[in-house]
Undergrad: 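I'd like to ask you about the structure that follows.
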Amino acid sequence: ILRHNRINPALGEKVTVTVNLPKSGHLTVRIYGPSGEMVATLADTETPAGDAEFSWGAQNSQGQTVSSGIYFVTVDGPGLQAREKIVVVR
C-alpha cells in the first residue's frame, strides 16, 4: 500500500498510501505514532470501489511536523485491512 516508507519532512517529502478497495464502503486511513497514539487521520469516509491515494507529509492532526521515529499507517475498509511501517527521518 506504500510506494516508499522512508520520508524526510525537512526535504518536503511525503509518503503516498495507495488503496485498492474491492467494493465500496467506509474507509479509514490513520497514522499512529511510536507509542501507539493516533497522529493523523488521512481518510474516514465512504469510498467507492477502486483505487484511492492519500498522502502524508509527517504532520500531526494540528499541522505540526512529527518527530523522527517509526510510525504506522493502518487501512481499514470493506474486504481490506492493512498495517505498514513508515520511518520519519530529519
Side-chain angles (χ1 to χ4, degrees):
I1 63 172
L2 297 177
R3 290 193 179 157
H4 62 278
N5 70 339
R6 183 175 185 268
I7 59 172
N8 184 337
L11 299 178
E13 297 175 344
K14 294 182 178 185
V15 65
T16 300
V17 180
T18 303
V19 178
N20 185 317
L21 279 180
K23 57 184 178 177
S24 61
H26 194 85
L27 175 70
T28 59
V29 180
R30 292 190 171 109
I31 306 293
Y32 290 89
S35 60
E37 77 282 5
M38 189 173 69
V39 173
T41 299
L42 305 183
D44 188 3
T45 187
E46 295 298 313
T47 306
D51 293 335
E53 285 190 351
F54 306 92
S55 64
W56 183 58
Q59 293 180 329
N60 64 22
S61 58
Q62 288 81 37
Q64 300 164 322
T65 302
V66 300
S67 301
S68 296
I70 297 174
Y71 293 78
F72 297 92
V73 59
T74 62
V75 177
D76 290 299
L80 176 66
Q81 267 193 330
R83 181 177 185 222
E84 291 196 31
K85 179 173 56 172
I86 300 170
V87 178
V88 175
V89 296
R90 299 178 106 193

Undergrad: Can you tell me how far OG1 of Thr74 sits from CZ of Arg83, rounded to the nearest 0.5 angstrom?
TA: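 These two atoms lie 8.0 Å from each other.
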Undergrad: Assess the residue pair Tyr71 and Ile7 against the criterion (side chain to side chain contact (heavy atoms under 4.5 Å, CB included)); give the C-alpha distance rounded to whole Å, side-chain angles, the decisive distance to 0.1 Å, and a yes or no.
TA: CA-CA 11 Å; Tyr71 293 78; Ile7 59 172; over 6 Å; no
Undergrad: Should Val15 and Phe72 be counted in the same cluster of Ile, Leu, Val, Met, Phe, Trp and Tyr side chains packed under 4.5 Å apart?
TA: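 In one cluster: no.
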Undergrad: Pairs under 3.5 angstrom only: tabulate donor-acceptor contacts from the side chains of residues 60-68 to other protein residues two or more places apart or in another chain.
TA:
| from | atom 1 | to | atom 2 | distance (Å) |
| --- | --- | --- | --- | --- |
| Asn60 | OD1 | Gln62 | N | 2.9 |
| Asn60 | OD1 | Gly63 | N | 3.1 |
| Asn60 | OD1 | Gln64 | N | 3.0 |
| Asn60 | ND2 | Gln64 | OE1 | 3.1 |
| Ser68 | OG | Arg90 | N | 3.4 |

Undergrad: Indicate the atoms forming the closest heavy-atom contact of Lys85 with Asn5, along with that distance.
TA: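 Looking at all heavy atoms of both residues, the closest pair is O-CB, 3.2 Å.
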Undergrad: Between Trp56 and Val17, is the side chain to side chain contact (heavy atoms under 4.5 Å, CB included) condition met? List the steps.
TA: CA-CA 8 Å; Trp56 183 58; Val17 180; 5.8 Å; no
Undergrad: Side chains of residues 23-34: which donor-acceptor partners sit under 3.5 Å, not counting sequence neighbours?
TA:
| from | atom 1 | to | atom 2 | distance (Å) |
| --- | --- | --- | --- | --- |
| His26 | ND1 | Glu46 | OE2 | 3.1 |
| His26 | NE2 | Asp44 | OD1 | 2.5 |
| Arg30 | NH2 | Asp44 | OD2 | 3.4 |

Undergrad: Please tell me if the side chains of Leu21 and Pro48 come closer than 4.5 Å, counting only heavy atoms from C-beta onward.
TA: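 Not in contact.
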Undergrad: Please check if the side chain of Glu84 supplies one atom and the backbone of Val73 the other of a donor-acceptor pair under 3.5 Å.
TA: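 It does not hold such a pair.
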Undergrad: For Pro9 versus Gly57, what's the shortest heavy-atom pair and its separation?
TA: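 In this case the closest contact between Pro9 and Gly57 is CB-O, 3.9 Å.
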